[in-house]
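Since the structure comes first, as structure tokens, the remarks are kept for the end.
In each ligand, atom 1 is the first atom listed, and ligand 1 is the first ligand listed. Each residue takes its place number in the sequence, starting with 1. As the structure is a prediction and not an experimental result, all values here were calculated from the model.
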Amino acid sequence: MTTELRSRDWFGPHDLNGFAARSWMKNQGIPARMFDGRPVIGICNTWSELTPCNAHLREIAEHVKRGVYEAGGFPVEFPVTSLGETLLRPTSMLLRNLVSMDVEESIRANPIDGVVLLCGCDKTTPALLMGAASCDLPTLVVSGGPMLTGRFRGQRLGSGTNVFSMSEDVRAGRMPVGDFLEAEACMSRSAGHCNTMGTASTMAGLVEALGMGLPGNAAIPAVDARRRVLAHDAGVRIVEMVAEDLRISRVLTRDAFENGIRVNAALGGSTNAVIHLLALAGRLDVPLALDDFDRLGHDTPLLVDLLPSGRFLMEDFFEAGGMPALLAELSDHLHRGALTVTGKTLGENVADAQCWDREVIRSVGQPVLRRAGITVLRGNLAPNGAVIKPSVASPHLLRHRGRALVFDSVEDLAARIDDPDLDVDENSVLVLRGAGPRGYPGMPEVGNLPLPKKLLAQGITDMVRISDARMSGTAYGTVVLHVAPESSAGGPLALVRTGDVIELDAQSRSLRVDLSDDELARRGQSLTPPSPVADSGYQRLYIDHVLQADRGADLDFLVGRRDAGVRRNNH
Ligand code: FES
């Protein structure tokens, strides 16, 4: 052991505090030898029946425990607030930072020497990483794994992506509602998180790219026995990491984040990763800026052909070799020397990895797209930036001029979008405001605005859409997101009026409204800032302290690393 275990402060002393720490734990049937100085491993669990993607994590935790015991550690599982995308209102993103606080304070306040993070559904991965990063103990992530491929009447169904496409089919009269309801159970047929390259799969992939998970972590299906083996191995490895004092800050370096950005591009990963990586880097004082995503990602080829950008699903990706195969193929674009939780470098981890299906994981020589990545837009409509994911956009719309049709809120959108008299055509630019971090609050995934029913009926499948919101990683379209500053923070999106002409040019990274600076200033003077939608409670704290999207939408007072020291005892 190279360092004194912090758990000895709790379990070591032969005094009142030591007695209390040991005695009450013994009421769980824990033998005295567990307090003999072996490392205490926290298993931070986001299990919840209200987070269906993580509902199997109690079982995964048991396999982590087996590994911890095997390696001579003492495992202790503890719950933190869980976040499920499909049930939480107004949006799970509002609670990501709250959960990160829960994680950080739970780790710091308890006799924990190293921690395994069990996560799966979208926000659970960044929330747990952010909280653990602020404590800086040895940390290893075990993801819950994706669901099996959905199947409906011979058709493969991808989580999320096919919900969007089928719901548009219902609205356009192409699919009976009865079929739509029958497809529900067909799409979600096993434990696990979304099986498309949505935010959950993206973040699980980035866990490997960042060096925070064991090789193979991202893609093994949730119900596959090999995920239990990986969890067991993680339990063994975290005990070794404590002995090596291999803290999260030694893994999550600038090089690791650069790898994450490039891998996100090669995966065709979610735009949400931009916000989560910025927030995570902020917790570790690693310099990372919005423009890094464009600069580092734009010359990275798209190699993974998964929905929503492509054709396949996570089960196919697993069978093709998963993240190790992708990382090996992409290795010339990566910092191969970045240290990982295995104690080896990223390059060493994947040195023997092979690809078994070049349709799913393409070679660098024959990519899906030669230049992928997320494009960062700027201009008088987004002074601090906005993002677009060209791989899911319509190429002909990436350079577009059109009349704005403005919606002040999601309620306004819902009330008017299907109005037969709506003054809209396929060249219009749909604008939604009031959906940013402060304004909603919580920056929901509503940026892929539904198309007007009357245009759907004409066979229109995509339009330029702009908002200060986010978009589900499973969604697609020519969608400009994360406009900063948001309208509720005085951003120019608040000044646009229906009929103004908006110009998007993704190639030149420009997003502008055809208005002079004087006109924008004049409109700004007559603008009344909206009142906060909450005047007390956590939501008010969030509104008062949330940073804008270009800074990761963390709370300003959570930025930075506070380490795991506790200065005072409890008795
Ligand atoms: Fe949980 Fe998609 S809803 S990962």
Q) Which part of Cys53 is near ligand 1, with near meaning a heavy atom under 4.0 Å away: side chain, backbone, both or neither? A) side chain
Q) In terms of residue, atom name and distance, what is the protein heavy atom nearest to atom 2 (Fe) of ligand 1? A) Cys194 SG, 2.1 Å
**Q.** salt_bridge(Arg311, Glu359) N-O dist < 4.0 Å
**A.** yes
**Q.** Close side-chain approach of Asn162 and Arg156, heavy atoms under 4.5 Å
**A.** no
(Q) Given Ala200, Gly144, Cys121, identify the one with the heavy atom nearest to atom 1 (Fe) of ligand 1. (A) Cys121
Q) Between Glu62 and Arg228, is a side-chain contact (heavy atoms from CB on, under 4.5 Å) present by the stated rule, with each step listed? A) CA-CA 9 Å; Glu62 291 305 317; Arg228 277 87 186 135; over 6 Å; no
**Q.** Selection from Thr124, Thr51, Asp122, Asn54 by shortest heavy-atom distance to atom 4 (S) of ligand 1
**A.** Asp122
Q. Of all the atoms in ligand 1, which lie at a distance below 4.0 Å from a heavy atom belonging to His193?
A. 4 (S)
(Q) List ligand 1 atoms under 4.0 Å from Glu85, heavy atoms only on the residue side. (A) 3 (S)
Q) Would the number of heavy atoms belonging to other residues, nucleotides or ligands and lying under 6.0 Å from CZ of Arg108 be above 12? A) yes
Q) Between Asn54 and Thr124, is any pair of side-chain heavy atoms under 4.5 Å apart? A) yes
